[in-house]
Amino acid sequence: MTAMTHTEGAVLTVDLGALVANWRDLAARHPSGPTAGVVKANGYGLGAGPVAAALYAAGCRHFFVAHLAEALAIRDIVPGAMLAVLNGPIPGTEPGYVAHGLTPVLGSLDDIARWAGRDVPAILHVDTGMNRLGVDGRDLATLRADPALLGGVSLRYVMTHLVSAEVADDPDNARQREAFAAVCGVFPGVARSFANSSGIFLGPGFASDLARPGAALYGINPTPGAPNPMRAVVGLRTRVLQVRAIAAGESVGYNATWRAARPSLIATACIGYADGWPRALSNRGHAIFDGRVVPLVGRVSMDLTTFDVTECPQIVPGSWLDLIGPGLPVDDIAGSAATNGYEILTSLGPRYARVYLP
Ligand SMILES: *Cc1c(COP(=O)(O)O)cnc(C)c1O
C-alpha cells in the first residue's frame, strides 16, 4: 500500500474487495442460513487479521479457525461474532474458551464430558465419513442411550464435513447427506452446519443453517473442471536480482537439472521454497512478464528461482515477474506443482511485503 513495500523482493497482494465479493456471492448461493468465513491457517495464508476485518465489515458474524491461538489472534477484530475452533478444545484450554467467548467444536465423547456444565455454547462435530474428528455412530448410540451426557452442553450447531464435495458426482456426497440428515434427527431443534465451499455448489440438498466456506473466499475454484465462479484474490510477484548470459550447454541451479540448448539469458528472482514457492515447480512453472510467459528453469532453491528470459531481453535487474495473477490462477500453479490451491496459499510464508487492496 505504501511505496516502501515495493522495495521488497517479492510482494503478495490480497484484494480484500474481491474477497468480500466472493463472500457475498457464496452467501447469495446459500439462502437457507448465514455464511461463515473460515479463516484458519492465518486466513489460508493471506492474513487472518485483514481478512477477518474485511468479512466482519461486510456483515459476516460467524468465523471458524483451527486452533485456539488463531481464535485469540482475531477475537478483538470480530467482536460479538461466533468464533469457533475446529480442532476442538485440547484438554486444559477450556478456560481460554470461556474467558474469550470462543465456541469449541466438540469432536469426541471425551470433549463432551469435559465441556458439560460450562455455560458456553458449543458445536457438535459429527463424523459422516472423514474419520478424522467428530463423534461416530457408536458415540451417537451412547449419547442417545444416556441423554445426561449431553445434558450440560448447550449446542449451537451440529456440523459435519464433506469428504469429496469438489467432485460433484462422487457418491460420497449423497451418502453423507443422508447420514447427516439421520444424525440431525437425533438433535431436534439444533441448527445444522454442513457445506464447505464446494458443498455450497452441490445444490439445495447440501444447504443448512450455516455454510462454512474457506477456499472459495480466497479465489480457489470450488468447482474444479468447470470455470472458476469466484473472483481472484491473490497476486504474487517477485523481483529480478540479476540477469546473466550463459552459453549453450551450461547448466542452471542445483544438480544441473536444466541445460541451455542455445545461448540463453537467465534471470534470477528473489523467491524460493522458503517463501512457499513450491520446489515441485522446478523445471515446470513459469512467470509472466509484460504478458509474455517466461519458463522456470532449473531447481527452485530456498531463496531464489531462475527463469529463461532469452525471449525477453527487456527484463533487467529490478524487473518484476508475475507468479500469481491474471493468466496465472492459483489452481493452475497447484496443478503444475501436483498439489491443490489450499496448499499453495497456506504455504505462502511471512517473507513477503503484503499489500491489501481495499
Ligand atoms: C477447512 C474447513 C472448512 C472450509 O473448507 P473449504 O473447502 O476451504 O471451503 C469447512 N469445514 C471444516 C470442518 C474445515 O476443516
Side-chain angles (χ1 to χ4, degrees), residues 19 22-27 29-30 33-46 48 51-52 55 60 62-68 70-71 74 82-89 103-108 111 122-136 156-168 170 172-173 176-177 179-180 183 191-202 206-225 228-231 233-234 330-331 334 339-348:
L19 171 96
N22 286 339
W23 179 73
R24 293 207 168 105
D25 178 323
L26 294 166
R29 294 174 192 269
H30 191 262
T35 292
V38 178
V39 298
K40 60 192 180 186
N42 193 29
Y44 287 47
L46 303 185
V51 162
L55 293 175
C60 181
H62 302 82
F63 293 86
F64 287 86
V65 293
H67 300 161
L68 176 60
E70 293 176 348
I74 60 165
M82 185 190 89
L83 180 48
V85 179
L86 289 165
N87 281 12
T103 301
V105 177
L106 308 179
S108 67
D111 281 354
I123 295 174
L124 180 64
H125 185 179
V126 177
D127 181 49
T128 54
M130 193 73 91
N131 277 315
R132 303 185 306 186
L133 298 175
V135 295
D136 61 16
R156 192 160 184 171
Y157 292 97
V158 177
M159 70 163 243
T160 198
H161 193 39
L162 289 160
V163 171
S164 303
E166 77 285 5
V167 186
D170 192 308
D172 269 339
N173 294 324
Q176 286 188 275
R177 185 186 59 206
F180 190 44
V183 165
R192 310 168 180 200
S193 177
F194 196 6
N196 66 337
S197 298
S198 295
I200 292 172
F201 291 82
L202 291 176
F206 296 82
S208 68
D209 302 303
L210 182 67
R212 303 186 311 274
L217 296 174
Y218 309 103
I220 291 173
N221 188 356
T223 58
N228 189 348
M230 312 317 298
R231 283 178 55 177
V233 171
V234 186
V330 173
D331 295 287
T339 181
N340 60 11
Y342 299 65
E343 192 177 34
I344 297 291
L345 292 190
T346 58
S347 298
L348 297 171

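Every number for a ligand or one of its atoms is a count from 1 in the order of the listing.
Checked options Val39, Val330, Thr346, Val38; the residue passing with Tyr218 is Val39 (criterion: side chain to side chain contact (heavy atoms under 4.5 Å, CB included)).
In this structure, atom 10 (C) of ligand 1 lies nearest to the protein heavy atom Arg212 O, 3.3 Å. Of the protein's non-hydrogen atoms, the one nearest atom 12 (C) of ligand 1 is His161 CE1, 3.3 Å. Protein heavy atom at the shortest distance from atom 2 (C) of ligand 1 is Lys40 NZ, 2.5 Å. In terms of protein heavy-atom proximity, atom 5 (O) of ligand 1 is closest to Asn196 CB, 3.5 Å. Among all protein heavy atoms, the one lying closest to atom 9 (O) of ligand 1 is Ser197 OG, 2.5 Å.
Of the polar atoms of Tyr44, at least one N or O is found under 3.5 Å from an N or O of ligand 1, judged by distance alone. On a distance-only criterion, Leu86 and ligand 1 share no N/O pair closer than 3.5 Å. For a threshold of 3.5 Å applied to N or O pairs, the pair formed by Tyr342 and ligand 1 contains at least one separation below that value. Of the polar atoms of Gly214, at least one N or O is found under 3.5 Å from an N or O of ligand 1, judged by distance alone.
Applying the 4.0 Å criterion to heavy atoms of Met159 picks out, from ligand 1, the atoms 13 (C). Heavy-atom contacts of Pro213 reach the following atoms of ligand 1: 9 (O) (cutoff under 4.0 Å). For ligand 1, the atoms sitting less than 4.0 Å from at least one non-hydrogen atom of Ala215 are 6 (P), 8 (O), 9 (O), numbered in the order shown with element in parentheses.
Shortest non-hydrogen contact noted between Val85 and Leu68 is CG1-N, 3.7 Å.
For Asp172 (side chain) and Ser164 (main-chain N/O), no donor-acceptor pair under 3.5 Å exists by modelled atom type. In terms of modelled atom types and a separation under 3.5 Å, the side chain of Asp127 and the main chain of Asp136 share no donor-acceptor contact. Looking only at distances, a side-chain donor or acceptor of Asn42 sits under 3.5 Å from a matching main-chain atom of Ala48. Looking at Asn173, its side chain never comes within 3.5 Å of a backbone N or O of Leu162 through a donor-acceptor pair. Remark: the backbone N or O of Ala216 is paired with a side-chain donor or acceptor of Ser197 at under 3.5 angstrom.
Contact analysis leaves His125 out of contact with ligand 1, as no non-hydrogen atom separation drops below 4.0 angstrom.
With a heavy-atom cut-off of 4.0 Å, Phe64 does not touch ligand 1 at all.
In this structure, CZ on Arg177 lies 13.5 Å from OG on Ser208, to the nearest 0.5 angstrom.
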When you look at Glu166 and Ser198, which way does the side-chain hydrogen bond (donor to acceptor under 3.5 Å, both in side chains) test go after all the steps? CA-CA 5 Å; Glu166 77 285 5; Ser198 295; 5.0 Å; no
